[in-house]
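Just so you know, residue 1 is the first one in the sequence shown, and it goes up from there. As the structure is a computational prediction, the values presented were derived from the model and not from experiment.
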Amino acid sequence: MPETSAPATDRRRWLTLVVVGLAQLMVVLDATVVNIALPSAQADLGFSDGQRQWIITAYSLAFGSLLLLGGRLSDLMGRKRTFVIGLIGFAVASALGGAAPSFELLVAARALQGVFGALLAPTALAVLTTTFTIPKERARAFGVFGAIAGAGGAVGLLLGGVLTEAFDWRWNLYINVAIAAVALVGAFVFVPSIARTGPRPKLDIPGTLLVSAGLFALVYGFSHAETDGWDSPLTWGMLAGAVVFLAGFVVWQTRAGHPLLPLHIVRDRNRGAAYLSVMIAGAGMFGVFLFVTYYLQLTLGYSPIQTGLAFLPMIAMLVLAAQLGTNIFVPRFGPKVLVPIGMTIAASGMVWLTFLDATSSYAAHVMPPLMMIGFAMGTIMPASMQTATLGVDREFAGVASAMVNTSQQVGGSVGTALLNTLAATAATDYLLEHGRDAVGDAMIASYAAAYWWGAGFFALGAVVSALLFRRRNQGLSLSREIEAEEAAEPTLAH
């Protein structure tokens with residue numbers, strides 16, 4: 001691959017944004033596009049309901065546990081090289097999954113997707129972080145990227161419905177090959193390679209093993225709680241192991257000569273607040289995608305395509321808010337104002353959803369709260385993602401970006417397990433009180449319980465972000481000082 005140290009032209013930078021946006025879209029939508037295909041895949045390959053969860057869990061375990069390693073490898077190997085490897089690997093894994101003749105091969109392919117997704121996702125964000133350094137352009141780029149991160153799940157629902165109904169469940173995996181091919185050509189042409197100067201840091205092997213084991217145990221523990229309940233010894237054993245491994249990782253990072261995640265990255269007040277905001281928003285969002293999907297299909301009788309189309313107004317508001325926020329409101333007010341406002345709007349939208357029943361109409365009762373939540377996510381995600389990577393030394397841009405993805409993944413795992421458990425408990429209680437014939441009403445009661453808890457997540461996020469984010473002048477002055485210092489230093493390789 002040719003190496004160049006010349007700064008990218010304006011046009012090249014924006015085409016780079018298109019390339020990394022495609023990669024991010026592919027990774028994010030893959031979390032939901034396969035969900036729509038599961039019933040068809042199960043009928044085709046003949047696996048049981050108990051086995052079905054592993055199509056989702058295999059991906060999330062590999063992806064969640066290897067994100068920090070993937071981010072650090074992009075720092076060590078070079079952004080462009082790592083990005084290309086991630087794209088090729090994700091495409092090959094997707095092709096294997098699409099052609100899988102058995103359940104076992106499909107699960108293996110999904111795990112392989114997770115491995116390369118963990119390499120690709122933080123690298124895409126790191127490429128964006130190191131490409132856009134001019135504050136105004138950076139804000140605009142992160143607005144687009146944040147909108148993709150927030151809307152990818154809903155896009156996956158729509159795309160999954162179209163592909164499953166019009167073609168075959170296997171095309172939910174094959175579509176990644178087409179997206180990756182376009183992104184790969186763009187990566188070779190537009191993503192710059194910058195030669196490394198100075199000694200190459202070493203990979204922190206003990207830290208990598210500790211954090212990967214800790215994240216694996218954490219995601220597995222919450223996934224197991226979702227399927228086998230909170231009274232399972234394996235659930236609590238894995239969660240306890242996660243605490244031990246992650247605590248050991250933190251201790252080791254204070255002593256390692258070449259730490260995987262230098263703790264000053266997460267100790268920064270603004271970045272710490274941004275990571276927490278992304279995690280809380282990720283947990284709350286599952287109350288929207290998961291339970292609104294159930295409500296639309298099982299209660300209102302929508303088809304998969306109709307369900308995906310129902311989320312389009314939400315996506316439109318998310319994109320609108322992302323552009324308004326990053327271009328106008330974040331520079332003027334900062335994340336300390338924008339993120340709590342977004343969390344509060346999202347909490348209000350979730351409360352509105354609790355009023356849905358079997359007679360509710362989409363236009364009057366479902367679409368307005370979805371639009372509110374979309375606007376809220378467009379306010380939260382770009383501001384948080386931009387703040388999470390702002391002012392990080394270039395040599396650690398990959399691992400700082402990985403922390404964004406890790407926060408979102410952990411939040412999603414926690415949210416899925418907690419909300420599913422709480423919803424199931426609410427449904428059981430309703431049936432015990434009203435009799436076994438009230439199944440439909442029990443389902444609606446379970447969704448309402450999930451929405452209430454999702455509103456609670458967002459309300460907590462509003463308080464946390466309001467307290468932790470610096471005031472606008474403090475944050476901006478610090479960021480400018482850091483950017484000035486970095487501009488004066490020799491450029492490191494990526």
Checklist entry - Would you say the side chain of Leu246 lies within less than 4.5 Å of the side chain of Leu210, judging by non-hydrogen atoms? => result no

Checklist outcome for this item: The side chain to side chain contact (heavy atoms under 4.5 Å, CB included) partner of Leu69 among Leu203, Leu215, Leu209 is Leu203

Item to check | side-chain contact (heavy atoms from CB on, under 4.5 Å) evaluation trace for Ile85 with Met77 | outcome: CA-CA 11 Å; Ile85 292 171; Met77 294 168 53; 3.6 Å; yes

Checklist outcome for this item: Note: Thr387 and Ala383 closest approach over all heavy atoms is OG1-O, 2.7 Å

Checklist entry - So, for Val404 and Met385, which heavy atoms are closest and what is the spacing to 0.1 Å? => result CG1-CG, 4.0 Å

Checklist entry - How about Phe458 and Thr344: do any of their side-chain heavy atoms sit closer than 4.5 Å? => result no

Checklist entry - Taking the side chain from Tyr275 and the backbone from Ala388, do they hold a donor-acceptor pair closer than 3.5 Å? => result yes

Item to check | Donor-acceptor under 3.5 Å (Tyr174 side chain, Ala99 main chain) | outcome: yes

Checklist entry - Where do Thr293 and Phe311 land on the side-chain contact (heavy atoms from CB on, under 4.5 Å) test, with the steps shown first? => result CA-CA 9 Å; Thr293 299; Phe311 283 99; 3.7 Å; yes

Item to check | Point-to-point distance, once rounded to the nearest 0.5 Å, from CZ of Phe469 to CG of Asn270 | outcome: 6.0 Å

Item to check | Leu125, Ile265, Leu261, Leu67 screened by side chain to side chain contact (heavy atoms under 4.5 Å, CB included) with Met403, the one that passes | outcome: Leu261

Item to check | Aromatic plane relationship, Phe216 with Tyr220 - under 30° parallel, 30 to 60° tilted, over 60° perpendicular | outcome: parallel

Next on the checklist: For Pro335 versus Pro340, what's the shortest heavy-atom pair and its separation?
Outcome noted: O-CD, 3.4 Å

Checklist entry - Which atom names give the shortest non-hydrogen contact between Ala91 and Val177, and what distance separates them? => result O-CG2, 3.5 Å

Checklist entry - If only atom types and distance count, is the side chain of Asp204 paired as donor or acceptor with the main-chain N or O of Pro259 below 3.5 Å? => result no

Next on the checklist: With a 6.0 Å cut-off (strictly less than), is the heavy-atom count around CH2 of Trp169, excluding the residue itself, greater than 12?
Outcome noted: yes

Checklist entry - Between Arg170 and Asp44, is a salt bridge (Lys or Arg N to Asp or Glu O under 4.0 Å) present by the stated rule, with each step listed? => result CA-CA 10 Å; Arg170 297 180 183 274; Asp44 188 10; 3.3 Å; yes

Checklist entry - Do Met279 and Gln408 have side-chain heavy atoms sitting under 4.5 Å apart? => result no

Checklist entry - If only atom types and distance count, is the side chain of Ser384 paired as donor or acceptor with the main-chain N or O of Met381 below 3.5 Å? => result no

Checklist entry - What orientation do Phe63 and Tyr59 show, parallel under 30°, tilted 30 to 60°, or perpendicular over 60°? => result parallel

Item to check | Flag side-chain contact, heavy atom, 4.5 Å: Leu119 against Ser74 | outcome: no

Item to check | Nearest non-hydrogen partners of Ala62 and Ala118, listed with the distance | outcome: O-CB, 4.3 Å

Next on the checklist: Are Trp54 and Leu106 packed together at the side-chain level, in the sense that at least one heavy-atom pair is separated by less than 4.5 angstrom?
Outcome noted: no

Item to check | OG-CD1 distance between Ser465 and Ile280, expressed to the nearest 0.5 angstrom | outcome: 7.5 Å

Checklist entry - For the atom pair CD (Gln24) and CG (Leu17), what is the distance rounded to the nearest 0.5 Å? => result 11.0 Å

Checklist entry - Do the side chains of Arg470 and Asp268 get nearer than 4.5 Å, heavy atoms only? => result yes

Checklist entry - So how far is it from Gln113 CD to Leu120 CG, rounded to the nearest 0.5 Å? => result 11.5 Å

Checklist entry - What's the spacing between Trp171 CH2 and Asn176 CG if we round to 0.5 Å? => result 11.5 Å

Checklist entry - Is it true that a side-chain atom of Arg79 and a backbone atom of Val127 form a donor plus acceptor pair closer than 3.5 Å? => result no

Checklist entry - When rounded to the nearest 0.5 angstrom, what distance separates CG in Leu22 from CG in Leu184? => result 11.5 Å

Next on the checklist: Quick one, Leu96 and Leu105 - any side-chain contact, counting heavy atoms below 4.5 Å?
Outcome noted: no

Checklist entry - Of all heavy-atom pairs between Phe188 and Lys80, which one has the smallest distance, and what is that distance? => result O-NZ, 3.1 Å

Next on the checklist: Walk me through whether Ile380 and Met343 qualify under side-chain contact (heavy atoms from CB on, under 4.5 Å).
Outcome noted: CA-CA 7 Å; Ile380 296 166; Met343 293 283 188; 3.8 Å; yes

Next on the checklist: Under the criterion side-chain contact (heavy atoms from CB on, under 4.5 Å), I'd like the reasoning laid out for Tyr302 against Tyr362: C-alpha separation, chi angles, the key distance, then a yes or no.
Outcome noted: CA-CA 11 Å; Tyr302 280 31; Tyr362 170 76; 3.2 Å; yes

Checklist entry - Are Phe90 and Leu112 side-chain neighbours, meaning at least one heavy-atom pair lies under 4.5 Å? => result no

